[in-house]
Amino acid sequence: MALIEVRDLDKHFPVRGGFLNRVVGHVHAVNQVSFDIKRGEILGVVGESGCGKSTLGKTMIRLLEPTRGSMRYEGQDITELSHAELMPFRRKAQIIFQDPYSSLNPRQTVREIIGEAVRFHRIVPRDQEEGYIIDLIQKVGLRADAREKFPHEFSGGQRQRIGIARALSVKPDFIVADEPVSALDVSIQAQVLNLLMDLKDEFGLTLMFISHDLKVIEHFCDRVLVMYLGHVVEEMNCIDLQDSASHPYTQALLGANPINDPSDRRPLTVLEGDVPSPFDMPPGCPFAGRCPHQIELVPMRADAHIGIAPLDAGPSIQAIRRFLGQCMQEMPPLETYVEGHRVACYAVDAEAVGAAASR
Amino acid sequence: MIKKFLRSRGLRKLLSNRLAIAALGVIGLYTGIGFAVFLGAITEKDTEARVWTDSYPGYPHHQTAEKRLDNCEVILSRVMRVLETEGELSEVAFAERSVSDASIEELTQKVQAGLALYEEIADTVGSLNDNPEVLPRIEQLEGFVDDVYTPLTGWSSLVYDFRLFFGTDRQGRSILIRGIYSIKVAIQVGVVVALIAVLFGSVLGAAAAFFGGWVDHLVIWLYSTFSSIPHLVLLTLLAFMFLGHPLETTLIPLYVAFCLTFWIGPCRVIRGEALKIKELEYVQAATAVGFGRFTILWKHILPNTSHLMFINFSLLFIGAIKSEVILTFLGLGIKDGASWGIMISQSQAEVLNGFFWQIGVATALMVGLVLAFNILTDALQDAFDPKHV
Amino acid sequence: MWAYIFRRLIYNVPVFLGILLFVFAALRVNDPVWMYLGKGATQEQYETKKKEFGLDRSYPVQYFELLGDVVTLNFDQKSWGQEGLTVGELLGSSIKPSLAITVPALFLTSIISICVGLISSFFRGGKVDKTLVILAVLGMSISFLVYIILGQYFGAYKILKETGASPFAISGYEPGIGNWAHYCLLPVMISVIVAMGYDTRFYRAVMVEETTRDYIVTAQAKGASRRKILFVHMLKNAMIPIITRIMITLPFLIAGSILLEMYFTIPGMGRTLITAINDKDFPVIQVFTAMFAALFILSNILTDVLYALVDPRVRLS
């Protein structure tokens, strides 16, 4: 049984306007998201800003209330539990925030920030609290005397370490890391990532690592969820990313990163077209407006030679038919073509994906 | 909590502001005096005690010849009346200056002699003020008055001079004593009102912002309603409501009226700040740990608005003192004892006679305290709230 | 935009009802008929009067009648204190004197404060600025009352004593432009001086913030004259917070004039109301307070609308 099972999760924010502040529409931040996280694995979630990954992370641990759908933790459904019933779960699932400057209470010392959770859940007996906190602070790479200081006395990277210590303080099993290094300088990013890796091994944690940087996810995570406008468009193992990424958006993300090999002169992928707004989205695939396949296809019709990943494989008639009509009308379902690899795209050829995977 | 405040950045910034330190020093001085009065250094009776004749000017006690003449007559007549009706001589005492121990006959003699001299001088033709020859005779008359009363020595003399230092009001009461007593009244009113209004308004504002929904709507409705009635009208209506009520003579109506008017400011400010704070991630972190909403309100939101509470306290303190003056002027504020409001409103008639001592002392004392608080408020804002929300 | 205005109006309806409710309740805490008749009245007189004033009806009926009167602007109730006058007549005759003080005060205060603020911010840090700031803070620390008393003394009484002429009255009022200076100038000047302390500091702060902006530096680099920078660039951009501030202080002016009307015996709305409260003149208190509240609410809505015009984020919230 997976540690976490998410089924058809929706999170929609109502938008008010008009005469009497009625609800005039919704921002569809998270749509029909389903996935499992196994114990001990690191699941990455990647996508552009505004694709709903942070919202997903927060909704999963019920920091935000889901609009529809369900979440199960260790087999237990936590979607509808009351505040009191949720308490054991709260201890087991924690979160690390993106912004080191607003995630720590400026009026609390480090000791209080970490200690209040410890005391609340009675992680250790009172007399052992101090020792426990010192130990934790040192584990994240800070000195013991840091505990009497205030957040403003620390740098961004150090504050993130404090945030990590806070998350760890309740001995959780699962941590949502919401872009924990995005706000840090590149040199510090590596340090904090390595720290997370070490802590994950030491404490046996399961992580959900949210980021907009595919390279970091490739390096750090076991599996990855690629999101676009609140939908999961691809889910696969990170090892296979370079070779078998099938969804055009994933490919664009990969292609957008410059490659270290000077002899490889592949042109960088540039996405053209308009991004639909998450507010009252049109039907169909959200990526349709920018998808290179769509754009190539629409003016050229069926007689054009279509390139589908892998780029040199020939199209099947079914694929073309699916293309022409459905991308704009119906959201492509997440299909599992290969074990552990799901893609939501009409343009994907099952054979091609299989062929790539076996390579 | 105090240790944390002492280590905060804002405090350091505040203390580096020399003007603010001076202001704090002044406030400390006033508080000390107020506290001493509170403990009994000056009682309400002291403020009512008649110390000399009406409208006696302060140091250096210059009076026109005519005024001096009138004073003597007034004093001597009073003593005469008591002697004739065989009343209590203590009634005509002036604080430390009591009637001398001489026998009734001796006293009567002296008073009559004095009054006779008065008649003589009064008969002099022409304006006495321009007549230098009258002065020695007036001094003689004043000598008679001094004889009637025991002379003061040592400590008593100093205390009496202290009382007379800024002169007396129209009822002969020491302006300085009343002014100092008013410090205690002002601080009392200021502290009580500011404390209650800030606490009440802040908690309500933070709760409204944090819980949202109907709580927010209710609080907004409440403060919109109260703030749409002009302050003065609201205060008057509230005072009207208390008419005939047994509590009317205490300060309670004043406190209630003020608190109901002043809670709105802090409420608005704290609510605005709380709205910003509740979106911050450390509040979400606290939810993720599992704290309940009330705990988060109390431990995370309110402490981060405390700097604004201090600033508002300072502002409301000033507002309370100034409003007390106005309310008392309108007849609705403090009715007994002394307060700056009472002193200023009573001084209106004196001013028309060119007598500025009472209004001067009251205003000077008040300006001292209010100015210090104004400076403190500015310094607090610069130190703790640079964006001046 | 209209949606916003409409929303603001709708939100204020419960507020207005709340005010009426408060006034309604406040006046009935102590039985108004007893207050009016005094202690010596008999039970019979009490009953008759009560019926006459319609106060024997149930509370909701009375409340809705009040609401109805106010909304339809029906001011026919007879005043209890002022014989023979209806509330409407009192209201009508008292508006003009109030305006005669409020409007010029608003105008003068704004102009003078803006200029002083401009000067102060321009010479920021210099002797002129420091003196002005000290004067402003000092001025804010002196009670309004002291200004009135001293103003009356020096403005009228002293001049009368010294010269025998009385250019300013300390009481009374007569309509007409010619009489305005005699009756209203002194109270207006006092109002201006009191408000200047607060306003000057605010405008100064606004202007100082403007001077830190890049476009001022650009203008200086272009070589624009100091005068041009001051009046053309800075003033235009500072106008937004200035105008909104002026709108916000409008209610305070209305309230502040109450004191002036009391002590200069000018029969404006404020004075009439306070006198009514002292006379326990029930219908006048109710209607006048309702009118004051309506004025406040309207000016608040106006301010909100102005904010919304200026700052689109407000509109969308």
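A quick note: this is a predicted structure, and the numbers were derived from the prediction, not measured. By convention in this document, chain letters (A, B, ...) are assigned in the order of the sequence lines, proteins followed by strands, and residues within each chain are numbered from 1.
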Next on the checklist: For the interface with chain C, which of B:I375, B:T363, B:L369 has the highest count of heavy-atom pairs at distances below 4.5 Å?
Outcome noted: B:T363
Checklist entry - Which pair of heavy atoms, one from B:T225 and one from C:G18, lies closest together, and at what distance? => result CG2-C, 3.6 Å
Next on the checklist: At a 4.5 Å cut-off on heavy atoms, which part of B:I359 comes close to chain C: side chain, backbone, both, or neither?
Outcome noted: side chain
Checklist entry - Is there side-chain contact between C:I148 and B:F329, with heavy atoms separated by less than 4.5 Å? => result no
Checklist entry - chain B heavy atoms under 4.5 Å from C:L17: which part of the residue, side chain, backbone, both or neither? => result neither
Item to check | Nearest atoms (heavy-atom pairs only) where C:S141 meets B:M366 | outcome: O-CE, 4.3 Å
Checklist entry - What part of B:S347 gets closer than 4.5 Å to chain C, counting heavy atoms only: side chain, backbone, both or neither? => result side chain
Next on the checklist: Is the ring pair B:F356/C:Y153 parallel, tilted or perpendicular, if the boundaries are 30 and 60 degrees?
Outcome noted: perpendicular
Next on the checklist: If I measure from the heavy atoms of chain B, does C:T289 come under 4.5 Å with its side chain, its backbone, both, or neither?
Outcome noted: side chain
Next on the checklist: Measuring from atom OH of C:Y11 to atom CD1 of B:I220, what distance do you get when rounded to the nearest 0.5 angstrom?
Outcome noted: 8.5 Å
Checklist entry - Is it the side chain or the backbone of C:I285 that comes within 4.5 Å of chain B heavy atoms, both, or neither? => result side chain
Checklist entry - Contact part of C:I142 toward chain B, heavy-atom cut-off under 4.5 Å: side chain, backbone, both or neither? => result both
Next on the checklist: With heavy-atom distances below 4.5 Å as the criterion, would you say the side chains of B:I318 and C:M140 are in contact?
Outcome noted: no
Checklist entry - Is it the side chain or the backbone of B:F226 that comes within 4.5 Å of chain C heavy atoms, both, or neither? => result side chain
